[in-house]
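Worksheet: one structure, shown below.
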Amino acid sequence: FVFSFFTKGILDSKYRKKHGFVTYSQYLEFILKEKNITSSTIAVVNGPSMIAEIMEEKYAYFNVGSSEKKTSEFISEIFNSNRINSSITEDVHGMEIIGVAKNPMAIASGIVSLMPHYGSNLLGELLSNGFQEVRDLAMKYGARIDTVMGRSGLADFIATATSGKSRNRNFGRKIVGESLSGQEKLSIRDRIEIFFSPKQFIERESDKWHDNIEGTYALSILIELANEIRLPFTLHRILFDVLTRKQPPEAL
């Protein structure tokens with residue numbers, strides 16, 4: 001059996017503390033062993049491959065990770081076509097972490113895109129600083145530099161943060177758009193939730209979009225990981241404060 005999944009994720013603190021795992025593939029491997037499913041391998045797929053562009057038959061690029069080379073080659077061959085190119089790696093752990101870590105900065109990119117005096121200069125500076133933070137985090141947790149700077153990392157980071165079809169970027173534009181237009185009205189429930197459970201407020205706000213805004217779920221967990229290794233992670237912490245209305249968008 002080959003378990004191949006596109007779902008990028010980092011376990012929350014409860015599961016990390018209980019099992020000592022960080023990524024989904026590590027947890028899945030544990031579950032399979034626990035159930036004595038030994039004749040199986042796991043493959044993880046990510047990279048600059050937004051579903052909207054794939055549906056439009058535009059070029060896309062996958063990175064397939066597995067501890068078994070035959071497995072990654074098998075999955076890669078399935079996806080390869082005249083418009084999809086797949087590469088393989090053994091750094092499954094690294095590609096999962098960097099694949100999750102790149103999403104919050106796409107939200108930040110969307111936020112600043114509607115601000116006065118916005119331009120490519122600001123975007124370049126924002127993404128440079130944001131990528132340095134996710135690079136440091138991923139490498140502290142064992143990601144290889146070639147993974148961080150490759151398809152699963154830098155390439156996907158750029159695509160997600162700059163594309164007009166990026167769900168994360170468009171969520172950021174929605175947030176600041178409502179704020180600038182004066183349409184945003186925080187309820188009493190919102191204000192209580194921001195005070196007692198800001199993480200839940202961010203996630204619930206993204207749920208209103210009826211879409212999977214990965215960066216809203218990843219941000220708090222990434223900050224937790226940064227805290228565990230005493231990483232400053234300054235720009236991501238500011239983004240968290242902006243999304244919970246503790247700082248204005250200009251803070252970015």
Side-chain angles (χ1 to χ4, degrees), residues 1-12 15-16 19-35 37-51 53-54 59-81 83-106 130-131 133-161 163 166-168 212 214-215 217-218 221-222 225-226 229:
F1 297 99
V2 175
F3 292 88
S4 176
F5 57 96
F6 286 77
T7 304
K8 302 174 288 290
I10 296 174
L11 298 173
D12 63 27
Y15 286 95
R16 292 201 310 274
H19 300 288
F21 306 138
V22 176
T23 66
Y24 282 4
S25 67
Q26 290 175 318
Y27 184 62
L28 177 57
E29 187 175 6
F30 166 77
I31 294 296
L32 293 174
K33 287 181 179 178
E34 192 175 54
K35 295 184 178 297
I37 304 176
T38 55
S39 58
S40 62
T41 55
I42 298 170
V44 177
V45 185
N46 62 17
S49 51
M50 283 181 285
I51 189 65
E53 293 194 1
I54 294 175
Y59 290 108
Y61 302 87
F62 293 151
N63 199 23
V64 182
S66 177
S67 59
E68 299 287 339
K69 188 177 180 180
K70 287 184 178 180
T71 298
S72 52
E73 288 177 337
F74 171 70
I75 297 297
S76 176
E77 185 61 30
I78 289 175
F79 289 118
N80 273 335
S81 71
R83 291 191 180 88
I84 296 177
N85 179 273
S86 298
S87 55
I88 64 173
T89 180
E90 294 178 356
D91 186 19
V92 185
H93 182 72
M95 66 181 289
E96 282 187 274
I97 292 177
I98 194 65
V100 173
K102 51 87 180 171
N103 286 313
M105 278 301 104
F131 186 73
E133 290 187 3
V134 299
R135 175 203 63 193
D136 292 346
L137 180 76
M139 292 187 68
K140 286 282 188 180
Y141 278 92
R144 296 191 327 222
I145 186 63
D146 61 306
T147 303
V148 173
M149 300 304 295
R151 284 185 179 176
S152 294
L154 182 59
D156 203 3
F157 179 87
I158 293 171
T160 306
S163 172
S166 165
R167 295 187 301 268
N168 289 280
N212 184 22
E214 301 101 321
Y217 297 95
I221 293 176
L222 293 172
L225 292 179
I229 57 175

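In what follows, every heavy atom counts, from backbone to side chain, and hydrogens, waters and symmetry copies are set aside. This structure is a prediction, so every number in the text was calculated from the model and none was measured. Along the sequence shown, the residues carry numbers beginning at 1.
Annotation: side chain of S152 is not in contact with side chain of T89 (no heavy-atom distance under 4.5 Å). At a threshold of 4.5 Å between non-hydrogen side-chain atoms, the residues Q26 and L11 do not count as touching. Using a 4.5 Å heavy-atom cutoff, the side chains of F21 and H93 are not in contact. Contact of the E53 side chain with the S163 side chain is registered, since non-hydrogen atoms from C-beta on lie closer than 4.5 Å. At least one side-chain heavy atom of I42 sits less than 4.5 Å from a side-chain heavy atom of F5.
With values rounded to the nearest 0.5 angstrom, M149 atom CE is found 9.5 Å from M139 atom CE. Atoms CG and CZ, on D91 and R144 in that order, are 4.5 Å from each other to the nearest 0.5 Å. Distance check, rounded to the nearest 0.5 Å: CD1 of I37 to CG of L28 gives 9.0 Å. Rounding to the nearest 0.5 angstrom, the gap separating the CZ atom in F30 from the NZ atom in K35 is 10.0 Å. Between I97 atom CD1 and L222 atom CG the span is 9.5 Å, to the nearest 0.5 Å. Atom CD of E73 sits about 12.5 Å away from atom CD1 of I78, to the nearest 0.5 Å.
Classified by interplanar angle (parallel below 30°, tilted 30° to 60°, perpendicular above 60°), the ring pair F62/F79 is perpendicular. Between H19 and Y15, the angle of the ring planes stays under 30°, which puts this pair in the parallel group of the 30/60° scheme.
A pairwise comparison of heavy atoms in N63 and S87 identifies OD1-OG, 2.9 Å as the closest pair. Heavy-atom minimum distance, S76 versus I88: CB-CG2, 3.9 Å. For the residue pair V92 and S25, the shortest heavy atom distance occurs at CG1-OG, 3.7 Å. Smallest separation of non-hydrogen atoms from P48 and A159: CB-CB, 4.1 Å. What you find for G215 and P104 is that their closest heavy atoms are O-CG, 3.9 Å. The two residues N103 and N168 come nearest to each other via the heavy atoms OD1-ND2, 3.4 Å.
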Problem set entry | Audit row: I229, L137, side-chain contact (heavy atoms from CB on, under 4.5 Å) steps and yes/no | CA-CA 9 Å; I229 57 175; L137 180 76; 4.1 Å; yes

Exercise. After noting the C-alpha distance and the side-chain angles of M105 and F157, does the key distance pass the side-chain contact (heavy atoms from CB on, under 4.5 Å) rule?
Worked result: CA-CA 8 Å; M105 278 301 104; F157 179 87; 3.6 Å; yes

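Distance alone, capped at 3.5 Å, places no donor-acceptor pair between the E96 side chain and the V44 backbone. Although no hydrogens or angles enter the test, the distance criterion places a donor-acceptor pair under 3.5 Å between the side chain of S166 and the main chain of T160. Within the 3.5 Å criterion, the main-chain N or O of S86 finds a donor-acceptor partner in the side chain of N80. Put simply, the side chain of Y141 gets close to the backbone of L225: a donor and an acceptor are under 3.5 Å apart.
A 6.0 Å sphere centred on OH of Y59 holds no more than 12 heavy atoms belonging to other residues, nucleotides or ligands. Environment of CZ in F3: crowded, with over 12 heavy atoms of neighbouring residues, nucleotides or ligands closer than 6.0 Å.
Screening V148, N46, T23, V45 for a side chain to side chain contact (heavy atoms under 4.5 Å, CB included) with M95, the sole residue that qualifies is N46.
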